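What follows is a single structure, written as structure tokens, with notes after it.
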Amino acid sequence: MSVRVRFAPSPTGYLHVGGLRTALYNYLFAKHHNGKMILRIEDTDRTRFVENAQENLVKSLLWAGIDFDESPDKGGEFGPYVQSERFEMYKQSAQILVDNGNAYYAFDTSEEIDAMRQRQQAAGVAPRYDRTTMKSQYTLGDEATKQLIADGNAYVIRLKVPQDEVIRFKDIIRGEVVVNGKEIDDQILVKSDGFPTYHLANVVDDHHMQISHVIRGEEWLPSTPKHVILYKAFGWEHPEFAHLPLLLNDSKIKLSKRHGDVAVEDFITKGFFKEAFVNFIALLGWNPTGDQEIFSIDELIKSFNLEKVNKAGAVFDRRKLDWMNSQYLRSKPLNELANRILPLIKEKGYNVEIEYLEKVINLVKERITFAEEVPDFAYYMFEDIKEYEVDYFNKFWNENTEKLIKGLFDKYDKLDVFEHDALEVITKDYIAETNTKFGPLMNPVRLIVTGKSVGASLLDTMAILGKDKTFERFNYFISKYSGVYSL
RNA sequence: GGCCACAUCGUCUAACGGUUAGGACACCGCCCUUUCACGGCGGCGAUACGGGUUCGAAUCCCGUUGAGGCUACCA
């Protein structure tokens with residue numbers, strides 16, 4: 001059997017990281033099995049529809065490297081891939097169920113349903129549609145029902161759940177799940193506005209689109225029995241199910257919009273590499289066995305399998321995500337990094353050659369998490385020093401060091417090749433000659449050249465900055481602070 | 001409340017029924033070192049609890065507890 005899976009978001013906002021993980025697992029599963037990945041937009045709730053949401057969803061998915069074989073944009077032989085465009089199909093499907101006795105009409109208002117629920121809760125029973133007392137085809141009879149519809153009364157269509165059956169299905173991740181029909185509510189299939197609910201549309205589409213595996217979040221597990229009933233009512237085989245563990249926040253509750261950023265695009269904006277983000281997300285709830293932490297997308301595809309997906313929810317740990325990003329930052333080609341932040345560099349008003357930018361990135365990349373930090377972290381590589389760190393200045397700048405530093409720069413001045421190795425030889429000779437140490441000598445030099453107390457290798461910093469700039473800073477510093485030993 | 005599913009270091013996780021319960025993030029220490037990092041080495045730290053099955057249980061079964069999901073004319 002060929003593998004066909006789908007990612008089926010609602011266009012209600014932005015792509016949630018949990019949604020991305022679901023999409024990713026579907027994608028990895030499809031690619032692993034040489035199957036097809038389908039995007040279907042589930043927009044049956046027009047009250048929650050958000051303009052441009054679909055575009056945003058697709059943009060985030062594409063950013064992560066998840067593309068589709070069939071989608072609203074690409075089309076495909078099972079289209080359309082937007083549920084609102086499949087309206088007729090659901091209508092006909094619902095009619096089939098009414099005709100074959102697996103669904104029925106109901107005319108209750110939402111107030112009446114609310115009242116029913118309150119009665120049930122007060123009585124301590126589970127809220128469920130009460131076929132015996134409510135205004136449905138059950139209590140009204142077929143003739144009266146027909147008449148009410150003919151008269152233009154609003155109605156819904158409900159699934160007639162077999163009360164005396166035990167529903168069983170196999171979940172690839174969780175094993176067999178068993179639910180008693182008595183526990184299942186008569187789910188609304190068609191709303192009074194004529195639109196199908198998720199349950200109907202989902203089952204109809206998955207069947208007609210020949211979906212082989214439904215891989216979705218655990219929040220769908222409780223409604224899966226309803227879906228199984230639906231497939232049976234239609235006389236269809238149901239696809240295989242795999243319910244993914246939830247992504248949790250620090251409080252171990254389902255990651256949601258209410259608690260910090262969960263929109264994928266926020267992470268894009270923050271500067272995460274897609275490879276790092278995908279790598280991190282993939283390992284949240286799945287592990288191929290072993291100690292490997294860094295996986296390329298091809299490695300993920302190669303080793304992915306549903307059986308290894310965990311059952312328990314996984315907390316989304318930003319610190320590990322940061323670490324993951326820094327790992328990728330260190331291993332990425334310099335030209336890629338340089339091109340990535342070039343627009344940002346220009347935006348800051350810095351006019352530098354790409355080669356120079358690459359050198360600077362290489363200089364500081366082990367000290368930062370995001371490539372975008374470079375212009376701030378090492379601003380002194382792009383413009384004049386804005387200020388000297390006061391504590392550092394007061395600690396290291398005095399009459400002795402001034403004399404010492406001047407002597408060192410006299411030696412540096414003789415250098416034609418202003419590079420790391422040459423600088424190192426000169427510096428070491430000078431240390432031996434003056435009987436000082438690297439630290440006390442170079443700390444003030446760092447202050448003079450960068451204004452800061454921390455940073456990358458100082459010799460490399462000076463070499464990249466070049467002799468002219470280095471001396472410009474030295475001369476400026478001396479002209480301003482010679483004899484001034486406290487700020 | 002009911003239903004469903006879940007439970008290994010703080011977090012992500014590994015472990016044919018036989019391991020000193022392994023790795024990673026975070027944290028701490030040491031080394032490296034001009035600073036800060038990177039890196040290397042080491043430390044801290046877990047099988048929720050109680051019963052069973054078994055020669056032997058993190059692993060299988062039952063119960064308890066805990067935390068979660070669902071309980072919409074939302075998905």
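Here is the naming used below: chain letters follow the sequence lines, and residue numbers restart at 1 for every chain. Predicted model only: the values in this text are computed from it and were never measured.
Taking A/K411 as the reference, A/E433 meet the salt bridge (charged side-chain N to carboxylate O under 4.0 Å, His left out) condition, with sequence neighbours excluded. A search for side chain to side chain donor-acceptor pair (under 3.5 Å) contacts involving A/S457 returns A/D460, not counting sequence neighbours. A/D376 is linked by a salt bridge (charged side-chain N to carboxylate O under 4.0 Å, His left out) to A/K348, counting only residues two or more places apart in sequence or in another chain. Here A/F418 pairs with nothing under the ring-ring contact (aromatic ring centres under 6.0 Å, His included) rule; sequence neighbours left out. Scanning for salt bridge (charged side-chain N to carboxylate O under 4.0 Å, His left out) contacts around A/K365 gives an empty result, with sequence neighbours left out. Listed by chain and number, the residues in a salt bridge (charged side-chain N to carboxylate O under 4.0 Å, His left out) with A/E372 are A/R340 (sequence neighbours excluded).
Side-chain nitrogen and oxygen atoms of A/N310 include none within less than 4.0 Å of the OP1 or OP2 phosphate oxygen of B/C6.
Using a 30° and 60° split on the angle between ring planes, A/W220 and A/H227 fall in the tilted class, from 30° to 60°.
Nucleotides B/U59 and B/U54 are separated by 13 Å at their C1' atoms, to the nearest Å. On the C1' atoms, B/A57 is 32 Å away from B/G42, given to the nearest whole Å. The P atoms of B/C32 and B/C41 are separated by 15 Å, rounded to the nearest whole Å. Between B/A14 and B/G69, the two P atoms lie 22 Å apart (nearest whole Å). Taking atom C1' on both B/C74 and B/G51, the two are 44 Å apart, rounded to the nearest angstrom. To the nearest whole angstrom, the two P atoms, one in B/A75 and one in B/A15, are 38 Å apart. Comparing the C1' positions of B/U13 and B/A58 gives an interatomic distance of 14 Å, to the nearest angstrom. Straight-line distance between the P atoms of B/C36 and B/C30: roughly 12 Å, to the nearest whole Å.
A/E293 has a carboxylate O that lies under 4.0 Å from a charged side-chain N of A/K320, or vice versa, which qualifies the two as a salt bridge.
As a whole-Å value, the separation of A/L200 CG from B/A75 P is 11 Å. Rounded to an integer number of Å, the gap from CZ of A/R40 to C1' of B/A75 is 12 Å. Following rounding to the nearest Å, A/F316 (CZ) and B/G10 (C1') show an atom-to-atom distance of 18 Å. Rounded to a whole Å, the CG atom of A/N180 is 16 Å from the P atom of B/G2. Taking atom CZ of residue A/F277 and atom P of nucleotide B/C25, one finds them 19 Å apart after rounding to whole Å. Between the CZ atom of A/F280 and the P atom of B/U11 there is a distance of 14 Å, rounded to whole Å. Between A/K311 atom NZ and B/A58 atom C1' the separation is 13 Å, expressed in whole Å. With rounding to whole Å, A/E42 atom CD is found 8 Å from B/A75 atom C1'.
Here the two rings, on A/F477 and A/W397, have centers that are under 6.0 Å apart. Note: A/F195 and A/Y90 fail the aromatic proximity criterion, with ring centroids not under 6.0 Å apart.
In this structure, B/A5 makes no Watson-Crick or G-U wobble pair, since no nucleotide meets both defining distances under 3.5 angstrom. With a cut-off of 3.5 Å on both pairing distances, the Watson-Crick or G-U wobble partner of B/G29 is B/C41. Look at B/A48: its Watson-Crick or wobble partner, with both distances under 3.5 angstrom, is B/U64. Across all strands shown, B/A15 has no partner, as no Watson-Crick or G-U wobble contact with both distances under 3.5 Å is found. If you check B/U34 for Watson-Crick or wobble pairing at under 3.5 angstrom, you find it has no partner at all. Across all strands shown, B/A21 forms no Watson-Crick or G-U wobble pair with both key distances under 3.5 Å.
When the nearest nucleotides of RNA chain B are assigned to A/E183 and A/Y198 by heavy-atom distance, the more 5′-ward of the two goes with A/E183.
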Side chains of residues 435-445 of chain A: which donor-acceptor partners sit under 3.5 Å, not counting sequence neighbours?
| residue | atom | partner | partner atom | Å |
| --- | --- | --- | --- | --- |
| A/T436 | OG1 | A/T434 | OG1 | 3.1 |
| A/N443 | OD1 | A/Y392 | OH | 2.9 |
| A/N443 | ND2 | A/G439 | O | 3.2 |

If you look only at distance, which donor and acceptor atoms sit under 3.5 Å apart when one is on a side chain in residues 154-164 of chain A and the other is two or more places apart or in another chain?
| residue | atom | partner | partner atom | Å |
| --- | --- | --- | --- | --- |
| A/R158 | NH1 | A/D186 | O | 2.8 |
| A/Q163 | NE2 | A/V161 | O | 3.2 |

Do any side-chain atoms of residues 7-20 of chain A form donor-acceptor pairs under 3.5 angstrom with protein atoms, and if so which ones, sequence neighbours left out?
| residue | atom | partner | partner atom | Å |
| --- | --- | --- | --- | --- |
| A/S10 | OG | A/E42 | O | 3.0 |
| A/H16 | ND1 | A/G18 | N | 2.7 |
| A/H16 | NE2 | A/L255 | O | 2.9 |

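As judged by a 4.0 angstrom heavy-atom cut-off over every strand, A/V177 is placed among residues touching the sugar-phosphate backbone only. Contact annotation for A/R48: base contact, defined as any heavy-atom pair under 4.0 Å involving a base atom. Within 4.0 Å of A/E293, counting heavy atoms only, lies at least one base atom of the nucleic acid.
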**Complete:** Expected string for nucleotides 34-44 of chain B under the B/S/- scheme (protein heavy atoms, under 4.0 Å, primed atoms plus P, OP1, OP2 as sugar-phosphate) is BBBBSS-----
**Request:** Quick one, give me the B/S/- string for nucleotides 65-73 of chain B, reading 5' to 3', where B means a protein heavy atom under 4.0 Å from the base and S means that only happens at the primed atoms, P, OP1 or OP2.
**Result:** ---SBS-SB
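The side chain of A/V315 lies closest to B/U11, out of B/U11, B/A75, B/A24. Set against B/U13, B/A26, B/A75, the side chain of A/D45 has B/A75 as its closest nucleotide.
Interface residues of residues 282-289 of chain A facing RNA chain B, ordered by number: A/L283, A/L284, A/G285, A/N287, A/T289; criterion, heavy-atom separation under 4.0 Å.
Because its NZ or CZ atom is both nearer than 6.0 Å to the ring centre of A/F267 and within 45° of the ring axis, A/K270 counts as a cation-pi partner of that residue.
Its glycosidic angle being more than 90° from 0, B/C60 falls on the anti side.
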